[in-house]
Amino acid sequence: MLRNEIKRKYLTLKQLAENSSLSVPTLRRYIQNNNLPYFQVGRQILIDYEEFDDWMKQLRKQES
């Protein structure tokens, strides 16, 4: 399998910030408030992109 064919499931905060409209400090704030699910491997924080997408959908505001 070619390396380019592998899709990243887990992203660092920097990678997630580059692929979303949120900054690294904002992502860290959500993690500290226990709102954003994450994994910690040593000092590295990783976010499952599918879980992040589900989490964002929960924040969606419905029209009144």
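All figures in this text were calculated on a predicted structure; none of them were measured in a lab.
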request  = Taking Asn33 for its side chain and Asn35 for its backbone only, find out whether a donor-acceptor pair lies under 3.5 Å.
outcome  =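 It does not hold such a pair.
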key: Check: Asn34 main-chain N/O paired with Gln32 side-chain donor or acceptor under 3.5 Å   =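 Checking the backbone N and O of Asn34 against the side chain of Gln32, no donor-acceptor pair under 3.5 Å is found.
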query = Got Thr12 and Ile45 here, is their nearest side-chain heavy-atom distance under 4.5 Å?
reply =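 Not touching, per the 4.5 Å side-chain cut-off.
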task = Might you point out which heavy atoms bring Ser23 and Ala17 nearest each other, and give the distance in Å?
result =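 Looking at all heavy atoms of both residues, the shortest contact is C-CB, 4.1 Å.
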Please report the interatomic distance [atom1]([X]) to [atom2]([Y]), rounded to the nearest 0.5 Å.
X: Lys9; Y: Leu46; atom1: NZ; atom2: CG; result: 12.0 Å
X: Leu13; Y: Glu18; atom1: CG; atom2: CD; result: 11.0 Å
X: Asp54; Y: Met56; atom1: CG; atom2: CE; result: 11.5 Å
X: Gln44; Y: Tyr10; atom1: CD; atom2: OH; result: 13.5 Å

task = Mind running side chain to side chain contact (heavy atoms under 4.5 Å, CB included) on Leu27 and Ile47 for me, showing each step along the way?
result = CA-CA 10 Å; Leu27 293 169; Ile47 307 292; over 6 Å; no
ask   = Who pairs with Tyr49 by side-chain contact (heavy atoms from CB on, under 4.5 Å), at least two apart in sequence or on another chain?
value =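 Counting only residues at least two positions away or on another chain, Tyr49 forms a side-chain contact (heavy atoms from CB on, under 4.5 Å) with Leu11, Leu16, Phe52.
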Sequence-distant partners of Tyr30, ring-ring contact (aromatic ring centres under 6.0 Å, His included), two or more places apart =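 In terms of ring-ring contact (aromatic ring centres under 6.0 Å, His included), with neighbours along the sequence ignored, Tyr30 is linked to Trp55.
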query = Between Thr26, Ile31, Leu22, which is the residue that forms a side chain to side chain contact (heavy atoms under 4.5 Å, CB included) with Leu36?
reply =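 One option only clears the test, and that one is Ile31.
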